[in-house]
**Student:** 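I have a structure I would like to understand better, so I am pasting it below and will then ask my questions one at a time.
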Amino acid sequence: MANIKFHLGEEIPLEMHKVRMVQRLDLVPIERRQEAIQEAGNNTFLLFNKDIYLDMLTDSGVNAMSDKQTASMLVVDDSYAGSATYTRLKDKLTEIFGTEYFLPVHQGRACENLLAKFFVKEGTFVPMNYHFTTTKAHIMVNGGTVLELFKSEALNPISTDPFKGNMDLDALQQVIEKEGAEKIAFIRMEAGTNLIGGQPVALDNFMAVSKIARANGIPFIIDASLWADNLHFIKTREEKYRELSTREITRMMTDTADLVYFSARKLGHVRGGGIITNNEETYKRLLEMLPLYEGFSTYGGMSTREMEAMTVGLDETMDEEMINQGPIFIKFMVEELLKLGVPVVTPPGGLGCHLDAMQFLSHVPQEQYRAGALGAALYLASGVRGMERGTVSEERNADGSDHLAAVELLRLALPRRVFTLSQVKYTIDRIAWLYENRKLIGGLEFYDEPKVLRFFFGKLKPTSDWQEKLVAKFKADFGDSL
């Protein structure tokens, strides 16, 4: 980031872009917010955009595209097969990552489906630094078992460890020795661990995991969806690589893996995704599956417009002044909340600011879904939509009991180049009020629960009249304010 000091002493993140197109937002009254969250079954996923002021559910598919990306969408080759647009994108991926083969898909989840079907067999294991919901589901559906080999610091919300996403190398060695290399479908590393606060992985850790994998003949796969944030953190937190360019670090990261996949909804800021590799045999076998699940090899599940925009977006991902925008705004939000005593995940990671619902709502039993309750309460207080990343996001145990999450987080994603500093400050203000009144917040219970990935469509209800009490306190404190 450019070294910028303010004469008046305030330290604030500085936008490295200007706004040239706007989209109207509405902040509906709290009475409507109460109706909306009830209609949504207290699941923020099921809220409609017309009732949302700031949408911090995710940064997936909602990052702002640049002017150059938008312009590129007008210059496309719409050919079904053999499109020049595909060639431009493939060449850009080769230029940046150094990979020869590329399989386009409609989003990161499609990559997970193809890879699980290809690598995972009944009774095999997939060690990873931390699971992601849909990744785990795809592996389980295909008969595999996920083994999370994170360091103890990963689950400590107030840790100062700069790389809480690192894999535990000793644990990895032990798993290979215990289960046998032939039972390991692949080793997966998430470059920026989504479910524990967007915490990064050190370049040295990627290298060490790669060395173990190759010594045992096990495929090593990187989920690069949060690659941009991880690049920023390697440059700013891993001293020995501080002077390297983002492109140099990218090549070093890619070289550790046998295969890399990504959601372009995060990496590249468009709706799409892809798998890249230098392994010709793996590429050819995955290619056979592509038309069955996605589409022809030169478009996969994407439109050519998205592919043109991705080509530009990937180039922009190599610009430190672009990729630092998310992390520095998240850092500002985290540090301001810390000053107010609000429990948040530290150090600030990528993707968004994460409220520690385990501490925020310590009076609510974890079986009553603390993070989910906090998400509903924050929406009531602010019109801001966050995402539950706790027990609701877990699958039930085989006996039907809840698998209590190791952490209970409410993720407040900051899509890149979308929100202004005043909007971030508004969110901080409402969170501070909510924390002061946290004892009014109660729990939730399911009344409509899907069997798989319940956090997408499940519906819950309050365990008491706590929402009415919270609304009454809001009106008493804020009057007729929205």
Side-chain angles (χ1 to χ4, degrees), residues 58-61 63 69 89 92-99 102-105 107-109 111-112 115 128-130 132 135 163-167 188-207 209-210 220-238 241 244-277 309-327 330 349-352 413-417:
T58 182
D59 67 341
S60 182
N63 293 296
Q69 282 185 284
L89 176 55
K92 181 57 65 176
L93 286 161
T94 299
E95 173 195 323
I96 293 174
F97 295 95
T99 50
F102 167 51
L103 296 163
V105 297
Q107 67 178 84
R109 198 159 305 152
C111 300
E112 296 169 347
L115 295 175
M128 55 182 69
N129 51 341
Y130 207 82
F132 184 64
T135 316
F163 292 103
K164 288 161 66 174
N166 282 357
M167 182 174 282
R188 171 186 174 271
M189 287 281 280
E190 192 174 352
T193 45
N194 193 312
L195 297 187
I196 56 172
Q199 297 296 312
V201 179
L203 181 51
D204 280 348
N205 194 248
F206 281 117
M207 292 177 174
V209 171
S210 176
F220 178 40
I221 295 176
I222 295 178
D223 177 346
S225 301
L226 294 174
W227 188 283
D229 290 340
N230 212 104
L231 277 176
H232 170 79
F233 290 124
I234 289 174
K235 272 192 66 67
T236 57
R237 295 181 184 177
E238 205 164 359
Y241 303 116
L244 295 183
S245 69
T246 51
R247 286 179 180 265
E248 289 171 323
I249 295 172
T250 290
R251 280 296 185 95
M252 293 174 73
M253 287 172 67
T254 309
D255 288 348
T256 66
D258 297 293
L259 181 150
V260 174
Y261 73 93
F262 60 92
S263 167
R265 287 171 172 259
K266 295 181 185 293
L267 182 69
H269 300 182
V270 300
R271 289 171 171 81
I275 298 171
I276 54 177
T277 184
M310 188 194 298
T311 302
V312 177
L314 289 168
D315 231 0
E316 294 176 347
T317 298
M318 296 296 104
D319 179 1
E320 175 61 17
E321 290 298 340
M322 192 284 285
I323 65 174
N324 68 24
Q325 291 292 285
I330 293 165
L351 204 161
L414 293 185
R416 306 308 181 253
R417 303 177 291 198

**Student:** Taking all atoms of both residues into account, what is the closest heavy-atom pair of G273 and M310, and its distance?
**Tutor:**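 Nearest heavy atoms, G273 then M310: N-CE, 4.0 Å.
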
**Student:** Say you draw a straight line from CE of M318 to OG1 of T250; how long is it, rounded to the nearest 0.5 Å?
**Tutor:**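 Answer for the CE-OG1 pair, M318 versus T250, is 3.5 Å.
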
**Student:** Hey, could you give me the CG/NZ distance between D223 and K266, rounded to the nearest 0.5 Å?
**Tutor:**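 Going from CG on D223 over to NZ on K266, the span is 9.5 Å.
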
**Student:** Does E238 reach the side chain of F163, with side-chain heavy atoms less than 4.5 Å apart?
**Tutor:**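 The answer is yes, as the side chains (C-beta and beyond) meet within the 4.5 Å cut-off.
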
**Student:** Between E112 and T135, does any side-chain donor sit less than 3.5 Å from a side-chain acceptor?
**Tutor:**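 Judged by distance alone, the side chains do pair up.
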
**Student:** L259 pairs by side-chain contact (heavy atoms from CB on, under 4.5 Å) with which of T99, I276, L115, T254?
**Tutor:**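 Option passing the side-chain contact (heavy atoms from CB on, under 4.5 Å) with L259: L115.
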
**Student:** Could you check whether any side-chain heavy atom of L195 comes within less than 4.5 Å of a side-chain heavy atom of E190, counting everything from C-beta outward?
**Tutor:**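 Not touching, per the 4.5 Å side-chain cut-off.
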
**Student:** Grab the two heavy atoms, one from G198 and one from F233, that are nearest each other, plus how far apart they are.
**Tutor:**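 The pair with the smallest heavy-atom distance is O-CE1, 4.5 Å.
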
**Student:** If the plane angle is over 60° it's perpendicular, under 30° parallel, otherwise tilted; pick one for F102 and F262.
**Tutor:**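 Taking F262 first and then F102, their aromatic rings lie parallel (interplane angle under 30°).
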
**Student:** Between CD1 of I323 and OG1 of T317, what distance do you get to the nearest 0.5 Å?
**Tutor:**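 Going from CD1 on I323 over to OG1 on T317, the span is 7.5 Å.
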
**Student:** When you measure from the side chain of K235 to the backbone N and O of L244, does any donor-acceptor pair fall under 3.5 Å?
**Tutor:**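 Flag set: sc K235 to bb L244 pair under 3.5 Å.
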
**Student:** Check C111 against I275 and note the closest heavy-atom contact, atom names and distance.
**Tutor:**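 It is SG-CG1, 3.7 Å.
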
**Student:** Of the non-hydrogen atoms in Y241 and I249, which two are nearest, and what is the gap between them?
**Tutor:**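 Minimum heavy-atom separation between Y241 and I249: O-CD1, 4.0 Å.
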
**Student:** Would you call V260 and W227 a side-chain contact if the rule is heavy atoms closer than 4.5 Å?
**Tutor:**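 They are in side-chain contact.
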
**Student:** Ignoring hydrogens and geometry, is there a side-chain-to-backbone donor-acceptor pair from T277 to D258 under 3.5 Å?
**Tutor:**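 Yes; at least one donor-acceptor contact below 3.5 Å.
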
**Student:** Which of these passes side-chain hydrogen bond (donor to acceptor under 3.5 Å, both in side chains) with H269: R417, R416, Q69?
**Tutor:**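 Going through R417, R416, Q69 one by one, the side-chain hydrogen bond (donor to acceptor under 3.5 Å, both in side chains) with H269 is satisfied by R417 alone.
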
**Student:** So if I apply the side-chain contact (heavy atoms from CB on, under 4.5 Å) rule between M189 and each of I221, N166, N205, which one comes out positive?
**Tutor:**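 Running side-chain contact (heavy atoms from CB on, under 4.5 Å) over I221, N166, N205 with M189 returns exactly one hit, N205.
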
**Student:** Report yes or no: does D229 contribute a side-chain atom to a donor-acceptor pair with the main-chain N or O of L351 at less than 3.5 Å?
**Tutor:**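 Such a contact is found between D229 side chain and L351 backbone.
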
**Student:** Find out whether V201 and M253 are in side-chain contact, i.e. whether some heavy atom of one side chain is under 4.5 Å from a heavy atom of the other.
**Tutor:**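 With C-beta onward as the side chain, the pair stays apart.
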
**Student:** What pair of heavy atoms forms the shortest contact from L314 to I96, and how long is it?
**Tutor:**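 So the minimum-distance heavy-atom pair works out to O-CD1, 3.5 Å.
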
**Student:** Nearest 0.5 Å, please: how far is CD in Q325 from CG in N63?
**Tutor:**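 Going from the CG atom of N63 to the CD atom of Q325 covers 12.0 Å.
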
**Student:** Would T256 and V209 count as a side chain to side chain contact (heavy atoms under 4.5 Å, CB included) if you check the C-alpha gap in whole Å, the side-chain angles of each, and the deciding distance to 0.1 Å?
**Tutor:** CA-CA 8 Å; T256 66; V209 171; over 6 Å; no

**Student:** Is it true that a side-chain atom of R271 and a backbone atom of G61 form a donor plus acceptor pair closer than 3.5 Å?
**Tutor:**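 Side chain of R271 to backbone of G61, a donor-acceptor pair under 3.5 Å: yes, one is there.
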
**Student:** Would R251 and E248 pass as an ion pair if we require N to O under 4.0 Å?
**Tutor:**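 No, no charged N to carboxylate O under 4.0 Å.
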
**Student:** Can you see which heavy atom on A191 is nearest to which on I222, and at what distance?
**Tutor:**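 Between these two residues, the closest heavy atoms are CB-CG2, 4.2 Å.
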
**Student:** How long is the gap from CE on M207 to CG on D255, to the nearest 0.5 Å?
**Tutor:**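 Those atoms lie 8.5 Å apart.
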
**Student:** Is any side-chain heavy atom of N230 closer than 4.5 Å to one of P200?
**Tutor:**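 They are in contact (side-chain heavy atoms under 4.5 Å apart), so the answer is yes.
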
**Student:** From E320 CD over to R247 CZ, what is the distance, rounded to the nearest 0.5 angstrom?
**Tutor:**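 Result: 13.5 Å between the selected atoms.
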
